[in-house]
Amino acid sequence: MQSESQIPIAVATKRRFAVSLAVFYSAFFAVLGTHMPFFPVWLNAIGIDAAWIGIINALPAITRFTTLPQVTAFAEKRQAIRAAIMVSALATAIGFTAIGLQQQPLVLFLFYALTCMMWTPTMPLTDAYALRGVARYGLDYGPLRLWGSAAFAAGSLACGYLVDVIAPRDLIWVIVAWAVVAVAASLLLQPLDDLRRRTPERHAGKPLLRDAAFWAVIASAALIQSSHIAFYTFSAIAWQLHGISGLTIAVLWTLGVMAEIVVFALSPRFSLHPSTLMAIGGVIAVLRWIITASEPPLVLLAIAQLGHGFSFGLTILGTMNLLVQRVSSHQIARGQGYYAACNGLLGAATSIASGAIYARIGDAVYYVMAAMAAAGAILIWSARHRLTAQPQSEASGG
């Protein structure tokens, strides 16, 4: 039983963990909020054509299934998840600074590839760090994660305003500025004792890869989340061609993120099975992309954007909850790595294909994205009975 002197210390430690994690999520997602909608705009502004934009934007997804699993596994093996997050944040800031000095497609490709090798592991490493802290301190993932979504919205809005104020060729420096803030925020992350493995390292990853239910989760998540790729890459460019201002584009993005924040905030009250949440997310994605493909009026487009809270928010909440059920605590970083790798493999193929498809048929590319989301929803729904049975236990060895 804890003494009265120990209780305030435990509460203070829990609060420091939650606050420092929320601050880092905020800084990291501020980088994403400026990068995701406006990095393609910057590429377009410096003269990169649509085909090259699709190829360059495939690099984060490619590194997710090539170098990312090795980074997360190495960090987990060395019990250095927090340190890996710090190194990744610093390398990201340096990488984007170097990218901002380039203009040739091939050189940009190479510099961006090197940057993505260190940048893309940040999210799964942070989620692994977060889930271990959530388990240790009895916190909820959703309310912590929503601070990242809020920062994404703020970063997107700020950058959207700047699109109408500064030259699009200077947008890269806004991304660099937020990357530097993320470096500072990473230094605030609190030390967290890592759980020691209960199985030999040479066998640690094998049971996960033999778990058909685990594969169903990550494959379904990859299909639904990758259906967002064309939107992430070309929405800002297409909307500009339709005469929508930079600030309005940022507002449209922010509507989606605000819906996502509401979903995360309410997540502790959700009683549906995580597989059902994912299936709902996939169905909403289908409807969202069909509406977006039809070049709707601004009001209907705004309504479709609110669907992001479901197409993305519900999908990631269901995915994270299912991963917690299927993956034992000592393999959580490895499980996150496999999930990111599967998502990256499909995302890379989708990004490359969407560049070529968009160049030929424009907004009709969203019909292809709708088909992907439908496949993901069908897959997770068909596996729902398997996912309710025999979740992995802490002693199962993963």
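Please read all numbers here as calculations on a predicted model, not as lab measurements. In what follows, every heavy atom counts, from backbone to side chain, and hydrogens, waters and symmetry copies are set aside. This chain uses plain numbering: 1 for the first residue, then up along the sequence.
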Rounded distance [0.5 Å steps], [atom1] in [X] versus [atom2] in [Y]:
X	Y	atom1	atom2	result
Asp140	Arg269	CG	CZ	11.5 Å
Asp363	Glu295	CG	CD	5.0 Å
Asn57	Ile48	CG	CD1	11.0 Å
Ile261	Leu266	CD1	CG	12.0 Å
Gln240	Ile249	CD	CD1	4.5 Å
Leu43	Ile56	CG	CD1	5.0 Å

Please tell me whether [X] and [Y] are part of a single hydrophobic cluster in this structure, the criterion being side-chain heavy atoms less than 4.5 Å apart.
X	Y	value
Phe109	Ile175	yes
Leu306	Val283	no
Ile284	Met258	yes
Ile55	Tyr358	yes
Tyr232	Ile99	yes

Let me see the working for Thr292 and Met369 under side-chain contact (heavy atoms from CB on, under 4.5 Å), right down to the final yes or no.
CA-CA 11 Å; Thr292 305; Met369 301 299 105; over 6 Å; no

Beyond-backbone contact of [X] with [Y], side-chain heavy atoms, under 4.5 angstrom:
X	Y	result
Tyr339	Val217	no
Trp52	Asp49	yes
Thr276	Trp381	yes
Ile316	Gln225	yes
Val31	Val181	no
Phe111	Leu101	no
Arg288	His228	yes

Just by distance, do the side chain of [X] and the backbone of [Y] share a donor-acceptor pair under 3.5 Å?
X	Y	value
Arg384	Ile380	no
Ser267	Phe264	yes
Thr63	Pro60	yes
Ser351	Gly347	no
Asn321	Leu317	yes
Ser220	Gly376	yes
His273	Ser275	yes
Ser382	Leu379	yes

Please report the shortest heavy-atom distance between [X] and [Y], naming the atom on each side.
X	Y	value
Gly337	Thr72	CA-OG1, 3.6 Å
Val286	Ala374	CG2-N, 3.4 Å
Ile229	Ser354	CG2-OG, 4.2 Å
Phe214	Gly335	CZ-O, 4.1 Å
Val41	Ala236	CG2-CB, 3.8 Å
Ser227	Trp289	OG-NE1, 3.1 Å

Applying side-chain contact (heavy atoms from CB on, under 4.5 Å) to Leu131 and Leu323, what does each step give before you reach the verdict?
CA-CA 10 Å; Leu131 291 179; Leu323 289 179; 5.9 Å; no

Is the count of non-hydrogen atoms from other residues, nucleotides or ligands lying under 6.0 Å from Met86 atom CE greater than 12?
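Result for CE/Met86: enclosed.
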
Going through the distances and angles, do Thr350 and Ser226 end up as a side chain to side chain donor-acceptor pair (under 3.5 Å)?
CA-CA 7 Å; Thr350 304; Ser226 293; 4.6 Å; no

Taking the inter-plane angle between the rings of Phe17 and Tyr129 on a 0 to 90° scale, is it parallel (under 30°), tilted (30 to 60°) or perpendicular (over 60°)?
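The rings of Phe17 and Tyr129 sit tilted, inter-plane angle from 30° to 60°.
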
Indicate the ring-plane relationship of Phe231 and Tyr366, choosing parallel, tilted or perpendicular according to the 30° and 60° boundaries.
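Rings of Phe231 and Tyr366: tilted, 30 to 60°.
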
Apply side-chain contact (heavy atoms from CB on, under 4.5 Å) to Met118 and Ile94, showing your working.
CA-CA 10 Å; Met118 292 304 298; Ile94 295 172; over 6 Å; no

Criterion ring pair (Phe, Tyr, Trp, His ring centres under 6.0 Å) against His35, the qualifying member of Trp42, Trp119, Trp178:
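For His35, the ring pair (Phe, Tyr, Trp, His ring centres under 6.0 Å) check succeeds only for Trp119.
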
Side chain to side chain contact (heavy atoms under 4.5 Å, CB included) with Ala185: which residues, sequence neighbours excluded?
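By the side chain to side chain contact (heavy atoms under 4.5 Å, CB included) rule, Ala185 matches Val23, Phe24, Ala27.
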
Measuring centre to centre across the rings, with the benzene-like ring taken for any Trp, is Trp147 within less than 6.0 Å of Phe28?
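No, they do not, as the ring centres are separated by 6.0 Å or more.
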
Quick check: Phe39 with Tyr112 (ring centres under 6.0 Å apart)?
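Yes - the distance between ring centres of Tyr112 and Phe39 falls below the 6.0 Å cut-off.
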
Apply side-chain contact (heavy atoms from CB on, under 4.5 Å) to the pair Asn343 and Ile218, showing each step before the final yes or no.
CA-CA 7 Å; Asn343 203 26; Ile218 63 176; over 6 Å; no

The criterion is side chain to side chain donor-acceptor pair (under 3.5 Å); which residues satisfy it with Arg145, sequence neighbours excluded?
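Arg145: side chain to side chain donor-acceptor pair (under 3.5 Å) contacts with Ser149.
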
Going by the side chain to side chain donor-acceptor pair (under 3.5 Å) test, which pairs reach into residues 86-105, not counting sequence neighbours?
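The answer is Ser88-Thr122.
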
